[in-house]
Visitor: 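My questions all concern the structure below.
Lettering follows sequence order; numbering is per chain, from 1. Model, not experiment: these values are computed from the prediction.
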Amino acid sequence: MNAIIFSAVLGVLLMFSGIFFSKKSAITATAVVSLLVLLFVNVAETYSWFTITVDTKNLLSFTKFGLFFNSILITATLIFVLLSGKEIENTSVNTAEYYALIMFALCGISILTAFNGLLMLFLGIEIMSIPLYILTGADKRNLKSNEAALKYFLMGSFSTGIMLMGIALVYGATGNFDLVSVMNKPGSAGVEIPSFLKSAGYILLFAAMCFKVSAAPFHFWTPDVYDGAPSVFTSFMATIVKAAGFFAFIHLFESNAPLLGPSWKILVSFVTIATLLVGNITAVFQQSIKRMLAYSSIAQAGFMLLALFSNNDLAREGIILYAVAYCMATIGFFAVLIKVKDYTFEGFNGLGKKEPILAFAATVFLLSLAGIPLTAGFFAKYYMLASVIKSGGALWLVITAVLFAAVSVYYYFKVIQAMYFKEGNPEVAAGSAIYRYLLVFLAAAVILIGVLPSIVLNWFYF
Amino acid sequence: MLVLLLLLIPLITGLGLFALKNDGQIKTISLLSATVTVIVALLVVFTKATIIYDVPWMPTIGARFTLQADGMAKILCLLTAIAYPLIFVAVYARQYKNSQAFYGLMLLTQVGLTGVFLAADALLFYFFWELALIPVYFLSSIWGGEKRIAVTFKFFIYTFVGSLLMLTGLLYVYFHTADQSFAWQSFKGVSLSGKEQATVFALLFIAFAIKMPIFPLHTWQPDAYEQSPTAVTMVLSAIMVKMGIYAVLRWLIPVVPVAASQHAHLVITLSVIGMVYASLIAIKQDDIKRLIAYSSIAHIGLMSAAMFTNNAAATSGVMIQMFNHGINVLGLWIIAEVIEQQLGTRKLSELGGLAQKAPVMAILLVVLALANIALPLTNAFVGEFLMFNGLFHYNIWLMAIAGTSIILAAVYTLNMVQKIIYGELGTTTVNAKDITGNVKLVLVLIVLMIVVFGILPQHLIELVK
């Protein structure tokens, strides 16, 4: 409960910080401090140092897994703000509001990592999404940003509607919102058979969640929104928010997936392959790196869906690692991308010579996204593949996934080729010394986790 | 601990080099590192027993950092260790821009290669396998020829697809091991049904076949050899292709023996086709680098055919041939490098008459050529003999077809020698000079090894037993 309460309070405080501080950097500093506080209270709850307890009638349950995941996402937000704080300040005039909105989104995320009932799922998703609609349109003089915001809002509301309908159907079938008891009602013959209403409800929920994590065929909003939004906020949406969505997705289905019968596996594998296909193949043809990243984030979602398919302990470990690896690499790469003026591949030509540190860090992040060994991204993918193999059968799904992983190498390496093997003089905004150190530190962390992933997992098991 | 040094020395110097600026310093330090590695490698080789280094790595998933230097690993570590200083000396005169990155990446490649040969844990093996690939990708793409980016990328994608399939296969075996571990011992002891074995075989073999390469998965190779800077080509063809063969001997045949013998016929047939096909194409080549590349495919084809014959003598033939082929092809690449550096061309049609201008090089080239044809008294003879013998016992017809490649090898190799060193002096060759200094030293060393191991092959055979 700590994180939910604190994030709401801190969000309000951050909103008012705009009144007290005239200097934007002071607001950023406040945001950093607030995030540190939030991280601390969340960790405190994880190890039960101090906990604010509120009786939620079992609608929320704070498991260690959920709290740990929440800590990861808060840390990722912290890194994000530290790396890209300057760009958040430069987006437009309302710096304090942006940080407040990010904080509110974190409040939604904290609910999502703890929900134990469909009602809370809905609340979490909404609290997380609404700030994002605003952040997408943050650059209000930019037509593309406005269009993206409106599109996101309309499509988002639509999917929320579908989700509500699903919840309503499930409620109609079982009479409550509880996750576990909803699914474990024995059928007439003593065998657990989901009723038609319940199945239909869960299919609708599935579709709505697919929308939120931009899985095909519900991905159409993603490229436009990611491309149109100010790059800093794209970075936030594509990583932290998406990882939270995945956590909720997996948590929603982990206990009741077996009840949905064999058609469930077919459904998930269809969506997985469709997502991998659409994400990877379309990314290959992009001219703009930002748009390529939008599609690649769809492709990465396809890989994370494998955890939903296999639904075992390895998948749970894997999704942690995946969230860590993916957030680190994407936030890091976006932090480099923002500094470069021209978002096309040609805009990166010769970056290796002009900004060796930026280029090196970007290379590490790209290698990690591509899942090359010695980077964190490798173990993320490793765990996904291993969990599917462990769940038995489905070797064809693994082989399909790895072939698409090979396709992803194509577009990630195009950036590396531009940076190192082609000549050019890219326009790059200057970054502060702290920014550079952080970037190198993040790259080093990606490699460290790539060599010893147990660092992250041991924390979880501790 | 000794085997760990084989990895640590190039790793530390390789990373350290990136901080240096002075060209001379960089070259000296890399050469020094490579030389020290040779000494360590010799110490490893002369240790009679199998050396094992084992520490925990990722206990939660049952992966350990296990290095194991047995006969086969030793001989390949030795090859890697010997090849590096020879390469560094041979390209000593050449100026690479950003030489700290060039030599740094070269040494990191060495870590990967040595690691592949030493790893006795499947996940560690996979790590080193990729570690050997990534620096090479950068080396070839930055310092390579005109079409380097596209060609290297093709090579990278090809091998990466293979690696991912291999990872799938390794994971599949891992979940079937009794103790859920990646250790080589557990992999060897795994019991899989016939169908499961066939699946694993397919997944692993594709990866290894791409690396070797076996026909029809070889298409990346001639382009990559041609476009890479020669120092990298030497690493690729002298050492890296051996990774594929080694992997089959270490990770494929012992793990899925039934599937291996079931598919032996297919693999041997493909290899034999590849041998003849590559030899025929080699005859038509005008570019020295491409000629050596195709000749290399033919040689590798023989090794891949022989190791599936399930014949102990042929297998030890493969092991010593891996070493000898590495040495010989290194010599040929050095000659190609010298010619290209000096005369600015690699085309046979523009060369000729070098025997008059460069007699020492001509003599050394002739010896290398004879070794390439595997004439008796050269090092390659014993290995090829053992391999053909194994093939003979497996299937006489396949052996007869494969045998034509010996004749074809003589045709293209002698044709090359003739066009380079005999005939009239052309406009390009009229100012040619003989080799001197470092290059001469390296080539003489290589030729000495060819002769010594040709006359006394017993040491190598004992080592791999």
Visitor: So do Phe138(B) and Thr363(A) actually touch side chain to side chain, heavy atoms under 4.5 Å?
Guide: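 Side-chain contact under 4.5 Å: yes.
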Visitor: Side chain from CB out, backbone as N, CA, C, O: work out which of these in Ala401(A) comes under 4.5 Å of a heavy atom of chain B, or both, or neither.
Guide: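 Contact with chain B involves no heavy atom of Ala401(A) at all.
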Visitor: Please classify the contact between Leu133(B) and chain A as side chain, backbone, both or neither, with a heavy-atom cut-off of under 4.5 Å.
Guide: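 Answer is neither: Leu133(B) stays 4.5 Å or more from chain A.
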Visitor: Which pair of non-hydrogen atoms, one from Val161(B) and one from Ala406(A), has the smallest distance, and what is that distance?
Guide: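 Scanning both residues, the minimum pair turns out to be CG2-CB, 3.5 Å.
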Visitor: Which value, rounded to the nearest 0.5 Å, describes the distance between Leu452(A) atom CG and Trp57(B) atom CH2?
Guide: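 Here the rounded value is 8.0 Å.
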Visitor: Quick one: are Ile61(B) and Tyr382(A) in side-chain contact, heavy atoms under 4.5 Å?
Guide: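 When only atoms from C-beta onward are counted, Tyr382(A) and Ile61(B) do touch, with a gap below 4.5 Å.
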Visitor: Side-chain contact, heavy-atom cut-off 4.5 Å: Phe378(A) with Tyr126(B)?
Guide: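 A side-chain contact exists here, since the closest heavy-atom pair is under 4.5 Å.
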Visitor: Are there residues of residues 191-212 of chain B whose heavy atoms fall under 4.5 Å of chain A's heavy atoms? If so, which?
Guide: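 Residues Thr199(B), Leu203(B) are the ones that qualify, each having a heavy atom under 4.5 Å from chain A.
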Visitor: Does atom CZ of Phe360(A) have more than 12 heavy-atom neighbours, drawn from other residues, nucleotides or ligands, at distances under 6.0 Å?
Guide: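 Atom CZ in Phe360(A) is not crowded, with 12 or fewer foreign heavy atoms closer than 6.0 Å.
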Visitor: Please find the pair of heavy atoms, one from Ile389(A) and one from Thr168(B), that lie closest to each other, and give the distance.
Guide: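 Heavy atoms of Ile389(A) and Thr168(B) come nearest at CD1-O, 3.8 Å.
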Visitor: Atom CG of Leu131(B) and atom CD1 of Ile372(A): how far apart are they, to the nearest 0.5 Å?
Guide: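 Taking CG in Leu131(B) and CD1 in Ile372(A), the distance rounds to 11.5 Å.
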Visitor: Would you compute the distance between atom OH of Tyr172(B) and atom CG of Leu385(A) and round it to the nearest 0.5 angstrom?
Guide: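 It comes to 15.0 Å.
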Visitor: Answer yes or no: is there a side-chain heavy-atom contact under 4.5 Å between Lys390(A) and Tyr174(B)?
Guide: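 No, every pair of side-chain atoms sits at 4.5 Å or beyond.
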Visitor: In terms of heavy-atom pairs under 4.5 Å, which option from Tyr420(A), Tyr410(A), Tyr383(A) contacts chain B the most?
Guide: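 Maximum pair count with chain B is reached by Tyr410(A).
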Visitor: Rounded to the nearest 0.5 Å, what's the gap from CZ on Phe175(B) to OG on Ser391(A)? Could you check?
Guide: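 Result: 9.0 Å between the selected atoms.
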Visitor: Mind checking the CZ-CG spacing from Phe128(B) to Leu374(A)? Nearest 0.5 Å is all I need.
Guide: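 If we round to the nearest 0.5 Å, Phe128(B):CZ and Leu374(A):CG are 8.5 Å apart.
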Visitor: Can you check whether Ile149(B) reaches Lys422(A) side chain to side chain, under 4.5 Å on heavy atoms?
Guide: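 Result yes, sub-4.5 Å side-chain heavy-atom pair found.
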Visitor: Name the region of Phe379(A), side chain, backbone, both or neither, that has any atom closer than 4.5 Å to a heavy atom of chain B.
Guide: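 For Phe379(A), the side chain is the part near chain B, not the backbone.
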Visitor: Evaluate the criterion side chain to side chain contact (heavy atoms under 4.5 Å, CB included) for residue pair Val409(A) and Ile157(B); output intermediate values, then yes/no.
Guide: CA-CA 7 Å; Val409(A) 168; Ile157(B) 294 272; 3.9 Å; yes
Visitor: With rounding to the nearest 0.5 Å, note down the distance linking CD1 in Ile142(B) to CD in Gln417(A).
Guide: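 Between atom CD1 of Ile142(B) and atom CD of Gln417(A) there are 11.0 Å.
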Visitor: Quick check on Lys354(A): does its NZ atom have over 12 non-hydrogen neighbours (other residues, nucleotides or ligands) under 6.0 Å away?
Guide: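 It does: Lys354(A) NZ has more than 12 such atoms within range.
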Visitor: Does the separation of the ring centres of Phe421(A) and Phe153(B) fall below 6.0 angstrom?
Guide: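 No; Phe153(B) has its ring centre 6.0 Å or more from that of Phe421(A).
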